[in-house]
J.: 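This is the structure, below, for whatever I ask next.
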Amino acid sequence: MEDTTITDQPKVSVTNASPLICQDETTEGFSAKNNNTQRSNEVPVMMNPVVTQPGLGIATTTITTITQMGGNWSTGLLNVCGDKTTCILGALVPCYLDLSLAHQFGECLCMPLLPGSTFAIRVGIRERYKIQGSVCEDWAAVYCCYPLAVCQMIREMKWRMKTQTYQVSTALESS
């Protein structure tokens with residue numbers, strides 16, 4: 001018969017342990033038994049502690065944005081009748097369109113208060129969407145035809161946002 005000794009000290013000492021031990025009703029400690037009738041009282045001798053619990057997993061979401069790039073401006077500088085709301089706002093309160101443009105472009109709403117900000121946004125739009133043109137053309141449009149340039153930039157941002165395509169894919173990884 002194999003012998004197992006367990007004391008009341010914090011450290012457990014095991015000598016020649018069998019794979020399973022069970023509590024003996026006649027003694028105060030534990031003794032090794034290979035009795036199949038007491039399966040409900042059997043406890044494994046060596047147990048690895050649970051360090052981490054299985055989680056729900058990690059969800060990874062990938063969003064791919066497909067944007068049409070290149071070419072010219074979608075509307076001309078003088079094509080004011082293409083969007084009547086933008087035309088009216090550009091004629092009456094172009095500063096409101098400037099604020100809206102800064103917001104759509106992802107800039108701070110205080111940006112239009114800075115000198116040259118509309119020119120910077122126009123160059124940024126042209127660079128972001130790979131629109132043909134030059135800095136000189138942007139300067140001339142903004143400083144010679146400010147309301148028309150702001151209306152054109154608003155129409156461009158609306159058109160680009162409308163024609164953008166999003167592809168969303170989600171993957172779940174178990175831990």
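Heads up: numbering here begins at 1 and tracks the sequence.
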J.: Please list all pairs meeting salt bridge (Lys or Arg N to Asp or Glu O under 4.0 Å) that have one or both residues in residues 88-117, counting only residues at least two apart or in different chains.
T.: none

J.: Using the test side-chain contact (heavy atoms from CB on, under 4.5 Å), find all partners of C95 that sit at least two apart in sequence or belong to another chain.
T.: none

J.: Atom OH of residue position Y143 - does it have more than 12 heavy atoms of other residues, nucleotides or ligands inside 6.0 Å?
T.: yes

J.: Could you walk me through whether V135 and F119 pass side chain to side chain contact (heavy atoms under 4.5 Å, CB included), step by step?
T.: CA-CA 9 Å; V135 175; F119 171 64; 3.4 Å; yes

J.: Can you tell me how far apart OG1 (T86) and CE (M153) are? Round to the nearest 0.5 Å.
T.: 12.0 Å

J.: For A141 versus A149, what's the shortest heavy-atom pair and its separation?
T.: O-CB, 3.4 Å

J.: Of all the heavy-atom pairs spanning C87 and C151, show the shortest one and how long it is.
T.: CA-SG, 4.4 Å

J.: With sequence neighbours left out, which residue pairs that include part of residues 137-159 fulfil the salt bridge (Lys or Arg N to Asp or Glu O under 4.0 Å) condition?
T.: D83-K158, R122-D138, R126-D138, E156-R160

J.: Can you tell me how far NZ of K130 sits from CD1 of I125, rounded to the nearest 0.5 angstrom?
T.: 14.0 Å

J.: Nearest 0.5 Å, what's the CD-SG distance between Q152 and C145?
T.: 10.0 Å

J.: Only counting residues at least two apart or in another chain, list the ones meeting ring-ring contact (aromatic ring centres under 6.0 Å, His included) with Y146.
T.: none

J.: Out of curiosity, I121 CD1 to F105 CZ, how far, rounded to the nearest 0.5 Å?
T.: 7.0 Å

J.: Consider only side-chain heavy atoms of I, L, V, M, F, W and Y, link residues closer than 4.5 Å, and tell whether L114 and L109 are in one cluster.
T.: no

J.: Please report the closest heavy-atom contact between S100 and I154, naming both atoms and the distance.
T.: OG-CD1, 4.0 Å

J.: Quick one: CH2 on W73 to OH on Y129, what's the gap to the nearest 0.5 Å?
T.: 10.0 Å

J.: Atom OG1 of T118 and atom CE of M111: how far apart are they, to the nearest 0.5 Å?
T.: 8.0 Å

J.: Using side-chain contact (heavy atoms from CB on, under 4.5 Å) as the criterion, list what pairs up with I88, not counting sequence neighbours.
T.: L92

J.: What heavy-atom pair brings S117 and P112 nearest, and what distance separates the two atoms?
T.: OG-CA, 3.2 Å

J.: Quick check on the hydrophobic clustering: are L99 and L97 connected, directly or via other members, by side-chain heavy-atom contacts under 4.5 Å?
T.: no

